[in-house]
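In what follows, chains carry the letters A, B, and so on, assigned in the order in which the sequence lines appear, proteins first and then strands, with residues in each chain numbered from 1.
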There are 2 protein chains.
Amino acid sequence: MSLPHAILTALLEKPSSGLELTRRFDKSIGYFWSATHQQIYRELGKLEAEGLIRALPAQQPARGQKKSYEVLPTGRAELTRWTAAAQDPKPLRDVMLLRLRASAVVGTEGIEADLRRHLELHERQLAEYEEIEKRDFPPGKDSTEDRLRHLVLRAGIDLETFWTQWLRHALEEFAELP
Amino acid sequence: MSLPHAILTALLEKPSSGLELTRRFDKSIGYFWSATHQQIYRELGKLEAEGLIRALPAQQPARGQKKSYEVLPTGRAELTRWTAAAQDPKPLRDVMLLRLRASAVVGTEGIEADLRRHLELHERQLAEYEEIEKRDFPPGKDSTEDRLRHLVLRAGIDLETFWTQWLRHALEEFAELP
DNA sequence: CCACCTTATGCAACTAGTTGCAAAAGGTGG
DNA sequence: CCACCTTTTGCAACTAGTTGCATAAGGTGG
């Protein structure tokens with residue numbers, strides 16, 4: 001139950017239409033909570049029905065017409081509540097690790113190429129994050145909001161670093177296999 | 001579509017009943033692909049219907065009766081195919097990072113305690129993995145299967161290490177916040 | 001001036017995972 | 001000897017996320 005809260009956060013940062021939200025979910029927020037436009041439109045409808053957000057009254061809400069939303073006080077209150085509430089971390093679920101485990105039983109034929117491909121993907125993602133860090137968090141930018149957002153980006157960078165290192169290690173092991 | 005393959009892997013490692021599988025999914029395989037017993041029973045039914053596994057014919061399959069399954073050649077072939085097939089890594093989706101981002105907008109009240117709790121949980125998990133590493137992978141145990149399984153465990157250890165370090169860093173930042 | 005492309009919105013059906021509950025079989029203690 | 005507990009299996013309903021497609025408005029080039 002996090003998508004509505006992701007949307008509330010995004011709308012508080014800046015009121016937006018469905019499509020604008022979709023764009024912003026393709027980067028930024030989407031780096032740790034991805035969503036398709038269908039999910040977003042559906043959720044916007046629900047949030048409006050529940051009275052947590054409302055359409056900005058600027059233009060008539062016809063089809064093919066931009067419709068922007070803003071967060072209402074109830075919405076902000078709900079986000080505040082949710083943010084502070086304890087939540088258990090969800091157990092890991094990773095396909096590549098499962099495949100590696102399977103390959104111990106049915107053989108490693110073919111998986112190495114995909115390990116290599118994943119390494120490239122994670123290296124690219126890491127480079128992108130580091131670019132963002134350089135651009136958005138130069139030394140001195142350290143208001144409370146900046147520090148918190150930087151912390152989130154750091155998690156992304158460290159995670160991608162972990163994956164690139166682990167994948168390199170895995171490929172080295174493969175090279176040594178009989 | 002990974003649960004059936006997780007089950008095939010587990011059954012190849014050792015033919016089991018639904019309940020035994022459930023137990024094994026609570027550790028080992030479950031560390032990177034968790035599943036509830038309901039999921040497992042449903043999937044066993046499907047896999048049997050598709051002819052990828054079959055019930056061991058030992059005892060009559062009455063209710064409240066153990067029923068063990070083994071993998072058929074078609075099942076092994078399917079697992080081999082799936083393991084070698086390229087698959088994209090799924091985008092990250094992490095609630096804590098989302099909450100941190102939200103807290104930049106609605107305030108950090110309350111979240112610090114949960115960061116501390118998560119740190120403890122991840123420290124505990126890390127200790128458990130390291131225990132397993134010491135027990136199951138002493139120096140010298142390095143057949144191909146051992147190496148592959150060790151690699152998977154290493155990913156778990158490194159991931160938990162990442163989380164503990166990041167959470168400690170986050171808590172330090174919080175201590176400095178106005 | 002209209003066929004077609006892009007932008008923006010949205011419905012419907014499907015897949016995967018979770019939650020809650022129940023029922024059959026066998027053992028156990030009062 | 002039977003009421004109750006544990007083990008093992010499973011159904012049903014619900015929630016979240018994905019995929020495929022539809023539709024309306026407005027601009028664009030031949």
Side-chain angles (χ1 to χ4, degrees), chain A residues 1-8 10-11 15-26 29-30 32-50 53-56 58-69 82 87-95 98, chain B residues 1-8 10-11 15-26 29-30 32-50 53-56 58-69 82 87-95 98:
Chain A
M1 268 270 303
S2 301
L3 179 59
H5 303 97
I7 291 179
L8 288 172
L11 287 181
S16 309
S17 69
L19 193 70
E20 283 162 355
L21 276 180
T22 304
R23 298 259 156 79
R24 293 172 57 199
F25 269 78
D26 284 342
I29 293 224
F32 48 91
W33 204 272
S34 58
T36 61
H37 70 107
Q38 289 88 342
Q39 272 182 286
I40 289 170
Y41 282 115
R42 204 188 330 173
E43 204 60 48
L44 283 172
K46 276 194 215 168
L47 288 170
E48 191 178 23
E50 290 166 6
I53 64 174
R54 69 161 182 191
L56 287 177
Q59 57 268 15
Q60 72 279 29
R63 255 192 143 169
Q65 202 73 8
K66 268 198 193 186
K67 195 163 60 164
S68 280
Y69 293 90
W82 177 82
Q87 262 180 281
D88 285 336
K90 318 206 327 163
L92 175 62
R93 218 171 234 170
D94 187 274
V95 179
L98 188 54
Chain B
M1 267 271 303
S2 302
L3 178 59
H5 303 97
I7 291 179
L8 288 173
L11 287 181
S16 309
S17 70
L19 193 71
E20 283 162 355
L21 277 179
T22 305
R23 298 260 157 78
R24 293 171 57 199
F25 269 79
D26 283 343
I29 294 224
F32 49 90
W33 203 274
S34 58
T36 61
H37 71 107
Q38 289 88 344
Q39 272 182 286
I40 289 170
Y41 282 115
R42 207 188 328 173
E43 206 60 48
L44 283 172
K46 275 194 216 167
L47 288 169
E48 191 179 23
E50 290 165 7
I53 64 175
R54 69 160 180 190
L56 287 178
Q59 55 268 13
Q60 74 278 30
R63 251 192 147 168
Q65 203 73 6
K66 266 197 193 186
K67 195 165 58 166
S68 278
Y69 293 90
W82 176 83
Q87 263 181 279
D88 286 336
K90 320 206 325 165
L92 176 63
R93 218 172 235 168
D94 187 274
V95 178
L98 188 54

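- For B:T36, the side-chain atoms get nearest to C:dT18 when compared with the rest of C:dG17, C:dC21, C:dT18.
- Under 4.0 angstrom from either OP1 or OP2 of D:dT18 there lies at least one side-chain N or O belonging to A:Q39.
- OP1 or OP2 of C:dT18 lies within a sub-4.0 Å distance of a side-chain N or O belonging to A:R93.
- Residue A:E20 is the one, among B:K46 and A:E20, whose nearest nucleotide of DNA chain C lies closer to the 5' end (criterion: closest heavy atom).
- A close approach under 4.0 Å does not occur between any side-chain nitrogen or oxygen of A:R42 and OP1 or OP2 of C:dT9.
- Rounded to the nearest 0.5 angstrom, A:E43 CD and A:L21 CG are separated by 11.5 Å.
- The residue among B:P91 and B:L19 whose nearest nucleotide of DNA chain D is located toward the 5' end is B:L19.
- A:T22 comes within contact range of no nucleotide atom at all, as no heavy-atom separation falls under 4.0 Å.
- Across D:dT8, D:dC11, C:dT18, the shortest atom-to-atom separation from the side chain of B:Q38 is found for D:dC11.
- Distances from the side chain of A:R23 to the nucleotides C:dA8, D:dT8, D:dG10 place C:dA8 closest.
- Between A:K67 and C:dG10 there is a side-chain polar atom (N or O) within less than 4.0 angstrom of OP1 or OP2.
- No side-chain heavy atom of B:P4 sits less than 4.5 Å from a side-chain heavy atom of B:K46.
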